[in-house]
Amino acid sequence: MLFVEHKTIHFARAKSNEEDHDNGDIDPVIIKKVSVHDKMAEEMKLSQIDGESLPLGSHPFERKQYYSQNFSMSPKFVTNKGLVKIKGKNIDFVQLLQRN
Amino acid sequence: MPNIDPTPLPYGPLQYYHVHFILEIKSNDNDKFLARCKPITKGYFDSRRMIDVKWTGEDNFAQVLQADATLTGMLKEVIMKVGEITVDPQEDNIRIYGKWVHEENLVFDAAMFEIADRIAIHIKNMVQKRG
């Protein structure tokens, strides 16, 4: 996922000649690449939940089955998008999966 | 501007995500914590209203969840949005999840987290009683 951030920078202009005026009003567009689980961890912090995003593939849960297949319509092919470790709650992790 | 492929391939990851709330617990009875919650609704289209929630699954566990009035109250607020809630046991963890969410709507749902947390309390209590 890509998140585009528009950042306006105001340049202090000592000289007000025409050349400076042309270069000074450019609004640079900064593109931040944020993984989905990092974004989720940030949103959790806003809700007063202590969540820390783990590096992709660092936990054994990410290398096991994600569904028990006891329910019908359980997907077979999914992509792991990351794990967020939760502290101070009964839930231990939040995992994000993408459908294939 | 990002380069958008005018002829995207018909396979590969889709724009749908699943958020799993995982409880790390290892017991001999993990497979007993199997349940799914669905809303009981009345009416159609605009007049469709949720009147209750119904837990189905392993008898004892489903009964415990159905008997929790606080949990039912919390579910009534979000179940129409979440669709259904599934408790899916694995060997060393139990996963709680709702339905697939489109990329555009993927945000952290605090209400869903509270529901998963409450279900996790019930699971931990039942494991302690059995152990």
Side-chain angles (χ1 to χ4, degrees), chain A residues 1-4 29 31-51 53-54 59-100, chain B residues 1-4 11-25 30-36 56-58 84-97 99-104 106-125 127:
Chain A
M1 281 177 99
L2 282 176
F3 301 95
V4 180
V29 177
I31 297 174
K32 274 187 187 174
K33 204 169 182 182
V34 182
S35 54
V36 192
H37 71 302
D38 286 335
K39 183 177 164 251
M40 189 65 82
E42 283 173 18
E43 286 173 0
M44 279 176 188
K45 278 172 191 160
L46 296 175
S47 304
Q48 318 297 326
I49 294 164
D50 190 6
S53 60
L54 302 177
H59 199 275
F61 283 171
E62 294 173 270
R63 294 185 288 275
K64 289 181 181 175
Q65 287 280 326
Y66 306 130
Y67 296 90
S68 67
Q69 303 296 336
N70 284 319
F71 292 98
S72 61
M73 305 297 285
S74 290
K76 285 273 186 190
F77 302 108
V78 287
T79 307
N80 169 42
K81 299 305 280 186
L83 207 62
V84 180
K85 188 170 173 58
I86 310 290
K87 289 170 192 163
K89 295 279 181 184
N90 293 296
I91 293 293
D92 298 303
F93 297 96
V94 174
Q95 188 176 22
L96 282 145
L97 302 168
Q98 189 174 14
R99 188 158 206 167
N100 279 60
Chain B
M1 286 291 289
N3 290 327
I4 298 167
Y11 51 84
L14 302 175
Q15 291 167 310
Y16 287 90
Y17 289 86
H18 224 180
V19 184
H20 283 203
F21 299 93
I22 304 173
L23 169 66
E24 192 174 18
I25 198 160
N30 263 19
D31 58 328
K32 300 274 191 277
F33 300 108
L34 185 79
R36 180 172 269 178
T56 51
E58 201 276 329
E84 61 182 23
I85 292 171
T86 307
V87 185
D88 198 3
Q90 307 269 317
E91 217 173 81
D92 57 351
N93 65 74
I94 294 168
R95 289 164 180 265
I96 301 160
Y97 50 84
K99 65 177 180 182
W100 291 91
V101 184
H102 192 267
E103 191 178 59
E104 286 176 359
L106 183 68
V107 286
F108 174 66
D109 190 349
M112 181 62 197
F113 184 89
E114 291 303 321
I115 288 167
D117 204 57
R118 189 147 185 101
I119 295 169
I121 293 171
H122 284 297
I123 294 169
K124 281 184 176 176
N125 287 344
V127 169

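Keep in mind the model is a prediction, meaning the values are calculated, not measured. Letters go in sequence order (proteins before strands), and every chain restarts at 1.
Between A:Pro75 and B:Trp100, the closest side-chain pair of non-hydrogen atoms falls below 4.5 Å.
With chain B as partner, the option from A:Gln69, A:Glu42, A:Gln48, A:Lys64 having the largest number of non-hydrogen pairs under 4.5 angstrom is A:Lys64.
Contact detail for A:Asn90 and B:Asp117: the closest heavy-atom pair is N-OD1, 2.9 Å. The two residues A:Leu54 and A:His37 come nearest to each other via the heavy atoms O-NE2, 2.9 Å. Taking all atoms of both residues into account, the shortest heavy-atom contact from A:Glu62 to A:Asn80 is OE2-ND2, 2.7 Å.
Contact of B:Gln90 with chain A is made through the side chain alone, with heavy-atom distances under 4.5 Å. In this structure, chain B has no heavy atom under 4.5 Å from any part of A:Val84. Proximity to chain A is absent for every atom of B:Val101, based on heavy atoms less than 4.5 angstrom apart. Of the atoms belonging to B:Ala116, heavy atoms from both backbone and side chain fall under 4.5 Å from chain A. Using a 4.5 Å cut-off between heavy atoms, A:Ile86 contacts chain B through its side chain alone, with no backbone atom that close. Contact annotation for B:Asp92: both backbone and side-chain heavy atoms come within less than 4.5 Å of a heavy atom of chain A. Heavy-atom distances place the side chain of A:Ser47, and not its backbone, under 4.5 Å from chain B. For a residue to count as touching a neighbouring chain, one of its non-hydrogen atoms must lie under 4.5 Å from one of that chain's; by this rule B:Ile123 does not touch chain A.
Rounding to the nearest 0.5 Å gives a distance of 12.5 Å between NZ of A:Lys33 and CG of A:Asp38.
Under the ring pair (Phe, Tyr, Trp, His ring centres under 6.0 Å) criterion, B:Tyr97 pairs with A:Tyr67, B:His18, B:His20, not counting sequence neighbours. Partners of A:His59 according to the ring pair (Phe, Tyr, Trp, His ring centres under 6.0 Å) rule, which considers only residues two or more places apart in sequence or in another chain, are A:Phe61, A:Phe93.
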